[in-house]
Amino acid sequence: MNVYDSARMADVLAPLGYAQVAAPEQADMIILNTCHIREKAAEKIYSELGRLRLLKRAGRLRGAAPILAVAGCVAQAEGAEMLRRAPYLDIVFGPQTYHRLPEMIARAERATASVERGAGILDTDFPAEVKFDHLPKVSSAAGSTSFLTIQEGCDKFCTFCVVPYTRGAEYSRPVAAVLEEGRRLVARGVRELTLLGQNVNAYHGAAPDGGCWDLSRLIGGLAEIDGLERIRYTTSHPRDMTPALCAAHRDCGALMPYLHLPAQSGSARILQAMNRGYGPEEYLASVERLRRARPDIALSGDFIVGFPGESDADFEATMALVRAVGYAQAYSFKYSARPGTPASQLAEQVPEALKGERLQRLQELLDEQQMAFNGAMVGRRLAVLLDRPGRQLGQLVGRSPYMQAVHLDAAADLLGEVVEVDIVAAHANSLAGRLTADLAGRAA
Ligand code: 5AD
Ligand code: SF4
């Protein structure tokens, strides 16, 4: 979502004469767009800021006083504290106020700032006006695949998570606005849309007919856009995996057979302490329903190990759930206490070393499953959307329907096309392929 937000900030800034540059040394303004989901994210920002400050001091940045800003959820959460810790900052703003950037920049330009003392502007409101209504239409350059935020914020309040506090309450963009943005992106050459939301499958957008569309209807509407070949969505909550959405995986050809469906844990007790609103049986039932609708669907997930009070038996339940599902890919994390969340107040915090051991065991299992999933692709023919140049000249990289990166020799003019590829080798994080015989002449 930060990638999407950054692109929208670029849209807001373009009329002011700003354009994106390749390196901080060339910039008149630097915005760090930050994530607060886990502890390390915030630490990284402060060390990056330290580096930029040295650069600014050494006069290596362009312009007399380049504007230094921090955006996103760390800015939202830290607020005034961030300006205290980094007094050389000019602007600190949250994820719900970036439509006000022109005003903040004008104020920063009027302020008497120096290399040591920034303009110190803070805007971490949750404004009454909806940001999306005040953003210009998408105009930032897009490749063949693009994000499209359809829903933001979260009302679920999992006890470990900062999102409800930093992104705010759940909000669904109206259907017409989403369809219009989708059409604009496709007109600019986008072939694949990934619909975004912290709780994307809780989407319920006001429709032009006065009704309300859920995600499955929205996907159906987007699938009618001429030239749009692929639709994905992320991140889903198991509680909102409705029968209609499962059915869309059977009925909508453009909807890709890949789903990120975080389980977090396999223990009923821990899931309850996390306030997830489902148990392992319900999660597995959702997976089964999905697989009935779309037998080849690839599943991905998020897991937290070492949530407060997690016993050996709780952790084994997570391992059992992973074995029962068989993931194509997954992310796993050590629990980290986030300030202001209920779980951070719990007494039974799990020792770091134990978290480390559990994470290692879980990751070994997930890696094995991922390797097995990738290995099973060798000898198959997959439709690949070629979305970027490869590292070597004459190579392109694309995505399989199952989200795997596929490397192959292909002429640059195939960029942005969906081509049939024979998979010849599998690696831990990617596949190698060859263009099918009819396209072989277009291998560079
Ligand atoms: N500690 C560890 N992992 C977390 N996540 C969210 N909050 C925390 C936390 N406090 C993980 C969850 C979520 C993913 C985006 O980050 O697994 O799904
Ligand atoms: Fe955080 Fe997702 Fe839970 Fe919402 S549903 S509180 S975003 S983990």
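Order of appearance sets the numbers: ligands from 1, and atoms from 1 within every ligand.
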Side-chain H-bond candidate by donor/acceptor type, [X] with [Y], under 3.5 Å:
X	Y	answer
Gln329	Tyr402	no
Gln363	Ser332	yes
Tyr46	Glu78	yes
Thr145	Glu192	yes
Tyr203	Asp240	no

### Query
At distances under 2.8 Å, what protein N, O or S atoms surround atom 3 (Fe) of ligand 2?
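You should have found Cys158 SG.
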Nearest-neighbour protein heavy atom for [atom], which is reported as residue plus atom name and distance:
atom	result
atom 6 (C) of ligand 1	Ile37 CG1, 3.5 Å
atom 18 (O) of ligand 1	Asp302 OD2, 2.6 Å
atom 2 (C) of ligand 1	Lys334 O, 3.3 Å
atom 7 (N) of ligand 1	Phe160 CD1, 3.3 Å
atom 1 (N) of ligand 1	Ser336 N, 3.0 Å
atom 16 (O) of ligand 1	Arg38 NH1, 2.7 Å
atom 4 (C) of ligand 1	Ile304 CD1, 3.6 Å

How are the rings of [X] and [Y] set to each other: parallel, tilted or perpendicular (split at 30° and 60°)?
X	Y	value
Tyr327	Tyr283	tilted
Phe307	Phe160	perpendicular
His260	Tyr331	perpendicular

### Beyond-backbone contact of Pro257 with Pro401, side-chain heavy atoms, under 4.5 angstrom
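In contact.
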### Message
Need the ligand 1 atom indices (1-based, order shown) with element for anything under 4.0 Å from a heavy-atom of Arg338.
### Response
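Those atoms are 10 (N).
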### Message
Out of all atoms in ligand 1, which are within 4.0 Å of some heavy atom of Gln264? Include the element for each.
### Response
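Near Gln264, the atoms of ligand 1 are 12 (C), 13 (C), 17 (O), 18 (O).
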### Query
Do NZ/NE/NH1/NH2 and the carboxylate oxygens of Arg361 and Glu316 come within less than 4.0 Å?
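Counted as a salt bridge, because a side-chain N and a carboxylate O are separated by less than 4.0 Å.
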### Query
So which pairs with a foot in residues 265-283 pass salt bridge (charged side-chain N to carboxylate O under 4.0 Å, His left out), sequence neighbours left out?
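Applying salt bridge (charged side-chain N to carboxylate O under 4.0 Å, His left out) to every pair that reaches into residues 265-283, excluding sequence neighbours, yields Arg269-Asp314.
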### Message
With respect to Tyr335, determine whether any N or O atom, backbone or side chain, lies less than 3.5 Å from an N or O atom of ligand 1.
### Response
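In fact, backbone or side chain, Tyr335 has no N or O that close.
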